[in-house]
2 protein chains.
Amino acid sequence: MTEITGTGDPARSLSLLWRLVEPAPRGRGAAAGLSVDRVVDAAVALADAEGLGAVSMRRLATDLDVGAMTLYTYVPAKAELLDLMVDSALGEFAALYTPGTGGWRARLEAVARASWALYERHPWLLLVAASGRPPLGPGVLTKYELGLQAVDGTGLDEVAMDAVFTLVEGFVAGTARGVVDQVAAEEATGITETEWWEATAPILDRVFDPERFPTVTRVGPVAGEAQQAAYDPRRAFEFGLARLLDGIAVLVDGAA
Amino acid sequence: MTEITGTGDPARSLSLLWRLVEPAPRGRGAAAGLSVDRVVDAAVALADAEGLGAVSMRRLATDLDVGAMTLYTYVPAKAELLDLMVDSALGEFAALYTPGTGGWRARLEAVARASWALYERHPWLLLVAASGRPPLGPGVLTKYELGLQAVDGTGLDEVAMDAVFTLVEGFVAGTARGVVDQVAAEEATGITETEWWEATAPILDRVFDPERFPTVTRVGPVAGEAQQAAYDPRRAFEFGLARLLDGIAVLVDGAA
DNA sequence: AGGGCTAGTCGTACAGTGTACGACAAGAAA
DNA sequence: TTTCTTGTCGTACACTGTACGACTAGCCCT
């Protein structure tokens with residue numbers, strides 16, 4: 001499942017993200033201790049523990065000992081809640097990233113690995129469609145800032161700096177998504193990736209025509225055997241990151 | 001929204017994908033003309049026209065003038081239907097791809113552009129989580145075959161050939177996903193990307209601390225201005241593809 | 001021709017979703 | 001004490017995938 005964010009009035013969303021209003025609540029009933037932060041923290045904890053699918057308004061309200069509709073006092077809709085969750089989780093990036101003392105390449109690699117670690121901690125981040133209109137809160141901007149710093153001083157202009165960071169970030173997200181999908185598939189079916197591949201490969205062998213797919217016939221089994229699956233995201237991450245950095249090096253240094 | 005595929009018994013899925021059984025129906029009632037192909041074609045048409053969100057079993061059944069439960073005669077569950085849709089749509093790849101007469105780089109670029117075109121025709125493909133356990137039907141294998149042929153004869157071993165194709169494919173999918181998310185956001189909010197950016201940028205300007213985000217302060221506005229949005233997927237595609245091919249060239253040719 | 005069986009059709013029901021609406025009550029202000 | 005504001009939350013609506021079981025149309029066999 002993927003959920004949409006970026007609905008709703010931009011001004012409203014931004015003031016929520018930066019906690020501009022936080023109305024210092026006055027008259028209210030039982031659920032005295034509630035606040036935007038408490039709601040968001042509970043939502044993040046729930047998503048971490050049981051996946052994004054478990055984050056329904058009713059369930060979240062139950063976790064907070066509150067009626068479902070009470071949440072709407074603190075958050076205009078679920079889409080905005082997701083924005084807040086994303087920004088909150090991305091705020092952890094700074095703690096996972098240590099730039100080190102190397103050049104831009106070492107820094108950019110560290111950015112990619114920190115991102116990867118972030119997605120391992122909060123896999124549900126990859127199921128929220130944040131591409132188009134990211135929630136421009138403190139967490140998102142912190143990550144963006146550190147990513148840009150990694151490619152600063154390389155002689156690239158501003159537009160290229162942004163493009164390089166976006167490229168690396170997109171690569172990491174896409175590859176990490178592979179892990180999420182595999183875990184989801186394992187949980188949904190009760191069959192591990194290796195078991196699935198072992199069940200699939202022999203049937204597939206008999207079903208398809210080697211003359212129609214000669215290159216697949218040659219390459220597929222070797223690759224499948226090497227990763228014991230149709231796809232190994234961790235391998236793909238290491239391989240892709242090296243290629244990507246080589247390609248960026250051509251742009252930055254004029255050669256690899 | 002993202003839907004899960006790869007549920008269900010692999011053997012059953014494969015025989016559906018390759019249409020191994022197609023039981024030559026005997027005794028039945030009103031909906032005589034139905035078949036797996038007709039169901040899948042209708043589902044693809046519906047997803048093309050109104051998005052993956054419109055593809056519910058009830059709606060699809062209505063389009064086919066049939067009761068909702070009738071679909072389960074032809075397809076074990078919605079997950080398998082999605083597998084069939086994906087494989088069917090990916091089968092169009094061959095028609096979009098012309099390898100040309102250049103070297104591996106030109107071929108690989110053509111693969112990437114054909115993939116991009118495929119995702120433009122069937123954006124819902126990007127909302128189906130196919131990463132982990134792809135539906136290994138004729139469509140998927142056709143695309144895989146052509147992709148591998150593009151990097152054949154480069155001296156790369158089988159595992160590397162697979163890794164290169166996967167890397168390019170993942171890049172295209174990730175970037176195309178940006179387009180899908182933007183279109184979805186526009187439809188959900190009624191606000192275009194440019195309008196959203198114009199509403200967001202000035203508020204953001206006032207809300208955040210330039211000393212805390214110095215690099216963002218310098219880069220963000222320039223990049224934002226250049227693309228009239230927080231993110232321009234088409235630009236990202238051209239930029240990223242060039243970097244990626246440069247990086248692969250380092251592996252293949254030993255230099256760019 | 002008649003009986004039995006198989007296999008395709010599909011109405012109903014269930015547990016779940018986000019959230020609009022309106023009733024209620026608790027505290028602050030008059 | 002009365003009035004007003006503001007947070008709480010029960011109910012309802014339209015929607016999802018699909019399990020279950022009733023119904024029936026057509027084929028095969030006698």
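Numbered from 1 within each chain, the chains take letters A, B, ... in sequence-line order.
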Please report, rounded to the nearest Å, how far the [atom2] atom of [N] is from the [atom1] atom of [X].
{"X": "A/L71", "N": "D/dG10", "atom1": "CG", "atom2": "P", "result": "12 Å"}
{"X": "B/D65", "N": "C/dT9", "atom1": "CG", "atom2": "C1'", "result": "14 Å"}
{"X": "B/L81", "N": "D/dT18", "atom1": "CG", "atom2": "C1'", "result": "14 Å"}
{"X": "B/Y72", "N": "D/dG21", "atom1": "OH", "atom2": "C1'", "result": "16 Å"}
{"X": "A/L64", "N": "D/dG7", "atom1": "CG", "atom2": "P", "result": "17 Å"}
{"X": "A/M69", "N": "C/dG18", "atom1": "CE", "atom2": "C1'", "result": "9 Å"}

Contacts of [X] that satisfy salt bridge (charged side-chain N to carboxylate O under 4.0 Å, His left out) - sequence neighbours left out:
{"X": "B/E186", "value": "none"}
{"X": "A/E120", "value": "A/R234"}
{"X": "B/E145", "value": "none"}

Under 3.5 Å between N/O atoms: give me all the protein pairs with nucleotides 13-17 of chain C, atom names plus distance.
{"from": "C/dT17", "atom 1": "OP1", "to": "A/S56", "atom 2": "OG", "distance (Å)": "2.8"}

Quick one: ring pair (Phe, Tyr, Trp, His ring centres under 6.0 Å) partners of [X], sequence neighbours excluded?
{"X": "A/F93", "value": "A/Y97"}
{"X": "A/W116", "value": "A/F237"}
{"X": "A/Y119", "value": "none"}

Angle by which the axis turns from one end of the helix from C/dA1-D/dT30 to C/dA30-D/dT1 to the other, five pairs per end, to 10 degrees:
20°
What salt bridge (Lys or Arg N to Asp or Glu O under 4.0 Å) pairs are there with at least one residue in residues 41-60 of chain B, not counting sequence neighbours?
B/E50-B/R59, B/R59-B/D63
State, yes or no, whether a side-chain contact exists between B/W124 and B/V180 at a heavy-atom distance under 4.5 Å.
no
Any side-chain N or O of B/Y74 under 4.0 Å from OP1/OP2 of C/dT9?
yes
Report yes if a side-chain nitrogen or oxygen of A/T70 is closer than 4.0 Å to either non-bridging phosphate oxygen (OP1 or OP2) of D/dC9; otherwise report no.
yes
Across the strands shown, which category fits B/A61 at heavy-atom distances under 4.0 angstrom: base, sugar-phosphate, nothing?
nothing
If only side-chain N and O atoms count, and only distance matters, is there a donor-acceptor pair under 3.5 Å linking A/T200 with B/R133?
no
